[in-house]
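Reminder, nothing fancy here: chain letters follow the sequence lines and each chain counts from 1.
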Number of protein chains: 2
Amino acid sequence: MSNFSIGKLAESAGVAIDTVRYYERNGLLQPAGRLASGYRRYGEAELRRLRFIRRAKALGFSLEDIRTLLELSAERSVAKVKRVAQLKLADIEARIAELERVGAGLRKLIAACPGHGRAEACPILNALTDEELH
Amino acid sequence: MSNFSIGKLAESAGVAIDTVRYYERNGLLQPAGRLASGYRRYGEAELRRLRFIRRAKALGFSLEDIRTLLELSAERSVAKVKRVAQLKLADIEARIAELERVGAGLRKLIAACPGHGRAEACPILNALTDEELH
DNA sequence: CTAGAGTCTAGACCCAGGTCCAGAGTCAAG
DNA sequence: CTTGACTCTGGACCTGGGTCTAGACTCTAG
């Protein structure tokens, strides 16, 4: 262990090989060490870092956010990490609120639609056609 | 009224001129009538249609969805319109649920983070680094 | 008539986050 | 040694919903 190819790394972390190279190009992973042949070699540290990225993505962070988190993690800035997480949470909550708003509008229209009859009686079509919408 | 340029149409509907042409290219608007000069000319019907598109977008429909809605609207299929709306609502609700899940995870980590001290004591960093995350 | 505003087209470019490709070189098993 | 799997590179391509550009033409107010 602790000395494996990009294929093994990718498989262990559950991402595609191209993704690993993409992350390297974009500064999320340090440039990997190379064999004489030019093949990349990885150790446990890179695997941990790649898994960190995958988990952060699952928590809703963008790759840009994750670059920041990795820096903060390296400098062990707990306060800043917490702040970044709070901003991301606020962002997620805002997106939920917007979807709730839109969903509520749609739900109301659906409830009022008989589902048959004249198009003019369909509140959904009317909402899309009429002048006022919220 | 009922005979205006693309600029007037775009302004009346609250979209950009390029967007009007983009919609035409992508089948959301019928190819417009033309003057001898090649300039597009529009009437009230196109304005209504463009506003329909704008409102549907505000309700969370994709342009693909809207193409469908416009067809259904033309054939006055109230039942199908309602079905499309229900599918979209289900989609929105699923997105909300996913964001709720992610937000809850993040909120828990933030609440448990003291915001200072050793990096090892930061549950956010730990969650990103440790083996298990749901 | 002229200046300035409006419009035309095809096609490039933007965002994020990858994915895929060709052509060449390398590694490991048998 | 051979064969098949693996890896390398740079660059093109993808999604969705537009946005912008260049260069040419047209329309309108004064």
Item checked: Reading 5' to 3' through nucleotides 11-24 of chain C, protein heavy-atom contacts under 4.0 Å coded B for base, S for sugar-phosphate only, - for none -> ------BBSB----
Checklist line | Partner set under side chain to side chain contact (heavy atoms under 4.5 Å, CB included) for A/Arg54, not counting sequence neighbours | finding: A/Val15
Checklist line | Euclidean distance, atom CZ of residue B/Phe4 to atom P of C/dT7 [Å, nearest integer] | finding: 12 Å
Margin query: Under the rule for side chain to side chain donor-acceptor pair (under 3.5 Å), what residues qualify as partners of B/Glu64, not counting sequence neighbours?
Written below: B/Arg67
Margin query: Let me confirm one number: the CZ-CD1 distance from B/Arg41 to B/Ile6, rounded to the nearest 0.5 Å.
Written below: 10.5 Å
Item checked: Covered region of DNA chain D, 5' end to 3' end, by chain B [heavy atoms, under 4.0 Å] -> D/dG17 to D/dC27
Check: With sequence neighbours excluded, what pairs up with B/Asp18 under the salt bridge (Lys or Arg N to Asp or Glu O under 4.0 Å) test?
Finding: B/Arg21
Checklist line | Pair listing, salt bridge (Lys or Arg N to Asp or Glu O under 4.0 Å) test, anchored in residues 26-39 of chain A, at least two apart | finding: A/Glu24-A/Arg34
Next item on the list: Not counting sequence neighbours, which residues clear side chain to side chain donor-acceptor pair (under 3.5 Å) with B/Asp91? List them please.
Entry: B/Lys88
Margin query: Run the salt bridge (Lys or Arg N to Asp or Glu O under 4.0 Å) test against A/Glu11 and tell me which residues pass, sequence neighbours left out.
Written below: none
Item checked: Set of residues satisfying side chain to side chain donor-acceptor pair (under 3.5 Å) with respect to B/Glu120, sequence neighbours excluded -> A/Arg76
Next item on the list: Could you list the residues that satisfy side chain to side chain donor-acceptor pair (under 3.5 Å) with B/Ser62, not counting sequence neighbours?
Entry: B/Asp65
Checklist line | Residues in contact with DNA chain D, drawn from residues 28-42 of chain A - heavy-atom cutoff 4.0 Å | finding: A/Arg34, A/Gly38, A/Tyr39, A/Arg40
Next item on the list: Name all residues meeting the salt bridge (Lys or Arg N to Asp or Glu O under 4.0 Å) criterion together with B/Glu71; count only those two or more places apart in sequence or in a different chain, and write none if there are none.
Entry: none
